[in-house]
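These notes concern the structure reproduced below.
All values derive from a computational prediction rather than experimental measurement.
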Amino acid sequence: MNKTYRLEVAGVTRDLPIIPISDTLSIASFVVLGDTELICAAAPLLKEKLPDVDVLVTAEAKGIPLVFEVSRLMGMKQFFVARKSVKAYMDNPVIDEVQSITTTNKQLLCLDALDAAAIKGKRVAIIDDVISTGESIEAIERLVKAVGGIVTVKAAILAEGDAASRKDILFLEELPLFPAE
Ligand SMILES: Nc1ncnc2[nH]cnc12
């Protein structure tokens with residue numbers, strides 16, 4: 001039987017499986033993609049914590065349903081997703097590179113020119129499901145700045161490991177890291 005970690009967030013309880021991701025480290029796997037109940041419980045709480053912003057930006061893929069719901073609650077007509085690969089339908093994509101805790105290789109993050117133009121000069125909330133090493137959120141931040149956005153706040157449902165002591169992010173709950181057994 002796999003070990004689990006009981007997470008309570010936004011009035012919802014989840015028993016997260018603890019999964020080794022290296023010889024020394026395990027994580028409690030937090031997958032909100034498809035978790036309608038958790039997203040709809042967490043989104044209003046995150047929305048309440050946000051300062052005034054004009055646009056919301058996330059990265060593919062796990063942040064997408066969360067940012068959809070926050071944008072809907074804020075009455076916004078759209079939100080922006082930094083993609084992890086350049087698509088054939090992208091015009092003049094703006095690209096950054098990222099190394100995340102859950103991926104072995106470096107990943108791309110990119111915005112197409114239309115999204116880049118819409119973000120330019122706007123106050124931006126960068127929102128993700130979980131902030132861990134901070135590499136992913138910082139890559140989104142570089143990308144947003146590269147296209148002229150004003151990064152106003154960085155927010156997530158969970159702050160994992162050392163991220164929980166960061167003062168420059170908003171989050172609802174902490175998530176511990178675990179030594180691999
Ligand atoms: N605990 C976690 N679960 C799922 N994705 C993650 N990305 C970073 N930390 C994670």
Side-chain angles (χ1 to χ4, degrees), residues 30-33 39-40 42-175:
F30 178 65
V31 182
V32 287
L33 204 56
I39 292 290
C40 291
L45 301 184
L46 263 189
K47 173 188 171 262
E48 287 312 308
K49 284 180 175 266
L50 293 181
D52 284 347
V53 291
D54 306 307
V55 296
L56 309 181
V57 177
T58 192
E60 202 177 10
K62 292 200 270 67
I64 294 175
L66 174 64
V67 177
F68 167 84
E69 181 62 3
V70 176
S71 72
R72 195 186 65 80
L73 292 170
M74 292 175 83
M76 291 176 169
K77 291 188 175 165
Q78 64 179 145
F79 62 94
F80 298 93
V81 181
R83 305 296 301 265
K84 290 195 169 152
S85 58
V86 177
K87 307 289 175 190
Y89 48 77
M90 283 183 169
D91 187 20
N92 282 325
V94 184
I95 301 171
D96 199 286
E97 262 196 359
V98 58
Q99 177 84 58
S100 101
I101 189 172
T102 48
T103 49
T104 347
N105 298 321
K106 286 214 163 173
Q107 280 186 346
L108 292 183
L109 268 191
C110 53
L111 282 168
D112 86 357
L114 276 181
D115 288 351
I119 292 168
K120 187 174 181 182
K122 302 278 173 39
R123 294 169 300 175
V124 176
I126 298 175
I127 302 183
D128 215 343
D129 54 339
V130 47
I131 297 175
S132 187
T133 62
E135 297 274 1
S136 305
I137 212 100
E138 269 127 42
I140 309 173
E141 186 168 12
R142 284 196 299 274
L143 201 55
V144 167
K145 286 181 175 167
V147 302
I150 304 147
V151 177
T152 306
V153 63
K154 295 172 272 187
I157 301 175
L158 301 181
E160 185 174 50
D162 290 346
S165 53
R166 284 177 64 161
K167 298 287 172 254
D168 65 328
I169 60 172
L170 292 179
F171 57 93
L172 300 182
E173 298 295 341
E174 298 182 17
L175 183 65

(message) I need the Leu170 CG to Ile157 CD1 distance, nearest 0.5 Å.
(response) 13.0 Å
(message) Quick check on side chain to side chain donor-acceptor pair (under 3.5 Å): which of Asp52, Thr152, Asp54 does Arg123 satisfy it with?
(response) Asp54
(message) Please determine whether side chain to side chain contact (heavy atoms under 4.5 Å, CB included) holds for the pair Glu160 and Ile131, giving the CA-CA distance in whole Å, both sets of side-chain angles, and the decisive distance to 0.1 Å.
(response) CA-CA 6 Å; Glu160 185 174 50; Ile131 297 175; over 6 Å; no
(request) Indicate yes or no: at least one non-hydrogen side-chain atom of Val124 is less than 4.5 angstrom from one of Val53. (result) no
(message) Quick check: do Val94 and Cys110 have side-chain heavy atoms less than 4.5 Å from each other?
(response) no
(message) Check this for me, if you would: do Lys84 and Glu60 make a salt bridge, where the nitrogen-to-carboxylate-oxygen distance has to be below 4.0 angstrom?
(response) no
(request) For the residue pair Leu109 and Arg83, establish whether any side-chain heavy-atom pair is separated by less than 4.5 Å. (result) no
(message) With a 4.5 Å cut-off on side-chain heavy atoms, are Ile119 and Val144 touching?
(response) yes
(message) Given 3.5 Å as the limit, does a donor-acceptor pair link the side chain of Lys122 with the main chain of Ala118, or not?
(response) yes
(message) I need the Ile137 CD1 to Asp128 CG distance, nearest 0.5 Å.
(response) 5.0 Å
(request) Locate the shortest heavy-atom distance separating Phe68 from Phe79; write the atom from each residue and the value. (result) CA-CE2, 3.5 Å
(request) Nearest 0.5 Å please: distance from the CZ atom of Phe171 over to the CD1 atom of Ile127. (result) 15.0 Å
(message) Quick check for you: to the nearest 0.5 Å, what is the distance between Asp112 atom CG and Lys87 atom NZ?
(response) 12.0 Å
(message) Working note: Glu138 + Arg166, criterion salt bridge (charged side-chain N to carboxylate O under 4.0 Å, His left out); need CA distance, chi angles, decisive distance, verdict.
(response) CA-CA 13 Å; Glu138 269 127 42; Arg166 284 177 64 161; 3.2 Å; yes
(message) As an exercise, state the distance from CE of Met76 to OG of Ser71, rounded to the nearest 0.5 Å.
(response) 7.5 Å
(request) State, yes or no, whether a side-chain contact exists between Val81 and Ile64 at a heavy-atom distance under 4.5 Å. (result) yes
(message) Holding to salt bridge (charged side-chain N to carboxylate O under 4.0 Å, His left out), I want the full list of residues that pass it with Lys154, two or more places apart in sequence or in another chain.
(response) Glu141, Asp168
(message) Measuring only between side-chain heavy atoms, which start at C-beta, is Val55 closer than 4.5 Å to Phe80?
(response) yes
(message) Looking at every non-hydrogen atom in both residues, tell me the closest pair between Ala159 and Ile169 and how far apart they are.
(response) CB-CD1, 4.1 Å
(request) Would you confirm whether Arg142, through its side chain, and Glu97, through its main-chain N or O, come within 3.5 Å as a donor-acceptor pair? (result) yes
(request) Heavy atoms only: give me the nearest Thr58-Ile140 pair and the separation to one decimal. (result) C-CD1, 4.3 Å
Output a table of donor-acceptor pairs, distance under 3.5 Å, between side-chain atoms of residues 42-50 and any protein atom two or more places apart or on a different chain; print 'none' if there are none.
none

(request) Looking only at non-hydrogen atoms, find the nearest pair between Leu143 and Ala82 and report the distance. (result) CD2-CB, 3.8 Å
(request) State the OG-CG distance between Ser132 and Leu158, to the nearest 0.5 angstrom. (result) 10.0 Å
(request) May I ask you to test the Leu114-Asp91 pair for a side-chain heavy-atom distance under 4.5 Å? (result) no
